[in-house]
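Remarks on the structure that follows.
All of these numbers come straight from a predicted model, not from anything done at the bench. Protein chains get the first letters and strands the later ones, always in sequence-line order, with residue 1 at the start of each.
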There are 2 protein chains.
Amino acid sequence: MMGGEKAAPGVTIREVAKAAGVSTATVSRVLNADPRVSPDTARRVRECVAELGYKMNQVARSLKTRATRTIGVVAPRLASDFFMLLAESMDRELSAYGYGLFVCSSRESVSEEEQRLQLMAERLVDAVVMIPATDRGTHYRPFIGRGTPFVLVDRLVSDLEADAVLVDNAGGARDATRALIADGYRRIGFLGGSLEVSTARERYEGFTEAMAEAGLAVEEDFVRFGSLHVESGYLSMAEMLARPGAPEAYFIVNADTHVGATNYLMTEGWASRGRIVFASFDEMPYSPLLQFCRWSVSQPIDELGARTARLALDRIGGTVPPEPEIIRLGTKLIRHDVRPRTLRSDGFD
Amino acid sequence: MMGGEKAAPGVTIREVAKAAGVSTATVSRVLNADPRVSPDTARRVRECVAELGYKMNQVARSLKTRATRTIGVVAPRLASDFFMLLAESMDRELSAYGYGLFVCSSRESVSEEEQRLQLMAERLVDAVVMIPATDRGTHYRPFIGRGTPFVLVDRLVSDLEADAVLVDNAGGARDATRALIADGYRRIGFLGGSLEVSTARERYEGFTEAMAEAGLAVEEDFVRFGSLHVESGYLSMAEMLARPGAPEAYFIVNADTHVGATNYLMTEGWASRGRIVFASFDEMPYSPLLQFCRWSVSQPIDELGARTARLALDRIGGTVPPEPEIIRLGTKLIRHDVRPRTLRSDGFD
DNA sequence: CTGTTAGCGCCTTCAG
DNA sequence: CTGAAGGCGCTAACAG
């Protein structure tokens, strides 16, 4: 069994040059749409390119130009609704410019983040898009020092200034909380993620602001911080409802937590026992199944991805002032009719 | 505003060589763990590498070796649970070997698939993992002809033989349908995807087999093919239930369709009006919210990704016979208790 | 408008 | 065990 042969060497620029009776420089110029080539030769070259089935070797090109037309993405998990939506929209935005995505997971670990950045550095990606795993980012410094554009998405880190594309988490949480208050609820619980994560922290702030401005107290017994995962939502909900005098209304920090909390209610038969009401961050395809949700905060993930991609491209092009740029996108508050529920907006209703 | 400066040129093998007082060849040998270097020099070289903060330029390396340690992935959509789970597991498997993932979306289009393959070819990826957008794959031929390993995942195409990693779709559907039959249902509807997609087709076959072996008729009026998306499930469910004499039990082809169908039931108040029961492919974090689901077929997506990655690596290494290899993984039938519902297995219960 | 000439950073025979 | 030298495929001055 013959081992490890590489892909067929392929046609090079030289063979095209020979076939077209020109120099490699000319072929290169045609390939790069350099205007100073006579239309005739250009045409002839293009014919040879087609006939020989020439495909440019981007690796060789990158070695020379120091540009790979590749953007690296590091996320705490690839298997998350947020990341996949983001990747899809970045891909759409970037593919038009011939850029591609090199993705990997940091597995929610700082040390893996470092390793991944090393990988990116060695591969000469043109820019890195990072969804931080934690609140700390000092270990990004060596990478950033290399001069490669670096943009944070979704979450901020507290010890580093860098480009960032985020949503208005505090505003979204405030809106949702206000809506519950306007609905007449005076006591509202909070189901949250760790305050170590900027999104969770900001959403908590928005929640407390809305409570304060309405003169309502935040009851410590009914504020729970956990992880941002399904299990945490389930547990937090269980704990709070186990306490006497639990509120009827809750603000929930994200979709996964929301799924967990909803599942607890369904498991334990609260659907019939009480009139629990949620306001929650995130709108997902399965959101119509979240029965206790009256208000949800929809993030413009598509735009988040597009803006991120754009900012990365601008940095690569050097067409933007060097000061770190922080982009905050607005959220949209959505009312879910109690009954009947409707399918998400791109469907019917 | 100074435009388009690249990342800082970085330390090269030459500078390391000079600092260590050896030749570049020796440094290269040390970097590649070539045994024929004296331990002393090796140590000295490694010190210099550390002190100078040398990072290998993989692009230059790739130009020479014709290997990029990168695997390209093309999927119809990046924003799908299936793709993301797959990517996560491939990443986990590959990162240990220094491989990375270059991903892009074909947007469910054959022509985009072609473009993406061109991109991959130019970038000299070591292998391509393809989730086909349609049932056709003749346009993969030119790429495969280059000699780059090519493995299909999840779906087969009807006009091309190639490596493939799949699940036993027919078997899973058969099991689920049998379970409904064993529960006493004699009339079972089918909510499906287009038969143009191999997964949907195979699942339909499994369904019909189970019905046939039980001597039950497949009623055409209660078989619906659509896309594999949420909206399609909603519509199909609506149509079927609008017909007089609709069955109580349904087999559903995948998670998205399942979400759509479930949502229809909730929207229209069927939750109270009837005892609709589902058996469905796919198990997801939000599955506990799918209230009508009694049986679900869990796909081993993690293993699918791991096996795919392994096969790709084996092909790259040339350590496996050249005949196309088709791997079929078994599915697991899961019973969902009607009440109370439980959180998915990695949670509690 | 076009060709010549150097490399980009690394690996890899081939000599020593 | 180690060094010298050539080249992977392409681009970018610099001449003409």
Side-chain angles (χ1 to χ4, degrees), chain A residues 4-46 48-49 52-69 98 121-124 126 146, chain B residues 4-46 48-49 52-69 98 121-124 126 146:
Chain A
E5 70 246 280
K6 323 294 181 217
V11 187
T12 77
I13 212 179
R14 286 176 58 126
E15 312 179 43
V16 176
K18 195 172 305 171
V22 297
S23 75
T24 60
T26 300
V27 177
S28 174
R29 289 192 187 104
V30 174
L31 260 22
N32 292 291
D34 188 320
R36 39 186 198 167
V37 178
S38 86
D40 267 13
T41 34
R43 192 180 38 69
R44 203 163 67 253
V45 168
R46 265 189 286 270
C48 294
V49 164
L52 301 183
Y54 168 81
K55 280 178 184 46
M56 177 144 60
N57 181 331
Q58 291 288 353
V59 172
R61 182 181 211 272
S62 295
L63 178 58
K64 185 68 188 170
T65 62
R66 307 193 64 72
T68 52
R69 288 177 180 277
E122 290 183 344
R123 280 177 155 78
L124 266 50
D126 295 343
R146 292 178 59 257
Chain B
E5 70 246 277
K6 322 294 179 217
V11 186
T12 78
I13 212 180
R14 286 176 57 126
E15 312 178 43
V16 175
K18 195 172 305 172
V22 298
S23 75
T24 60
T26 300
V27 177
S28 175
R29 291 194 185 100
V30 174
L31 259 23
N32 292 290
D34 188 318
R36 41 186 197 166
V37 178
S38 85
D40 266 14
T41 36
R43 194 180 38 66
R44 204 162 69 252
V45 168
R46 266 191 283 272
C48 294
V49 164
L52 300 184
Y54 168 81
K55 281 176 184 48
M56 178 143 62
N57 181 332
Q58 291 288 354
V59 173
R61 183 178 210 273
S62 296
L63 178 58
K64 187 68 188 169
T65 62
R66 307 193 66 70
T68 51
R69 287 177 181 277
E122 291 183 344
R123 280 176 155 77
L124 267 50
D126 295 343
R146 293 178 59 258

So, taking the atom named CG in B/Leu63 and the one named NZ in A/Lys64, what distance separates them when rounded to the nearest 0.5 Å? 12.0 Å

What residues, two or more places apart in sequence or in another chain, satisfy side-chain hydrogen bond (donor to acceptor under 3.5 Å, both in side chains) together with A/Arg69? none

Could you run down nucleotides 8-16 of chain C 5' to 3' and tag each one B, S or - for protein heavy-atom contact under 4.0 Å? BBSBBB---

Rounded to 10°, tell me the angle between the two end axes of the helix from C/dC1-D/dG16 to C/dG16-D/dC1, each built from five pairs. 40°

Shoot me the first and last contacting nucleotide of DNA chain D against chain B, ordered 5' to 3', at under 4.0 angstrom to non-hydrogen atoms. D/dC1 to D/dG9

Just to verify, what does A/Ser62 make a side-chain contact (heavy atoms from CB on, under 4.5 Å) with, not counting sequence neighbours? A/Thr68, B/Val59

B/Arg43: partners by side-chain hydrogen bond (donor to acceptor under 3.5 Å, both in side chains), with sequence neighbours left out: B/Glu47

With sequence neighbours left out, write down each residue that passes side-chain hydrogen bond (donor to acceptor under 3.5 Å, both in side chains) with A/Arg29, or none if nothing qualifies. none

Sorted by chain and residue number, the side-chain contact (heavy atoms from CB on, under 4.5 Å) partners of B/Thr41 (sequence neighbours excluded) come out as B/Val22, B/Val37, B/Ser38, B/Arg44

At their closest point, which heavy atom of A/Leu31 faces which heavy atom of A/Tyr54, and how far apart are they? CD2-CE2, 3.6 Å

Which part of the nucleic acid, if any, lies within reach of B/Val22 when heavy atoms closer than 4.0 Å are counted: base, sugar-phosphate only, or nothing? sugar-phosphate

Touch class at under 4.0 angstrom, heavy-atom based, for B/Thr41 against every strand present: sugar-phosphate

With A/Val30, the side-chain contact (heavy atoms from CB on, under 4.5 Å) member among A/Val45, A/Val16, A/Val49, A/Ile13: A/Val45

Closest non-hydrogen atom pair between B/Asp34 and B/Arg36, with its separation: OD1-CG, 2.7 Å

I need the minimum non-hydrogen distance between B/Asp126 and B/Ala67, along with the two atoms involved. OD1-CA, 3.4 Å

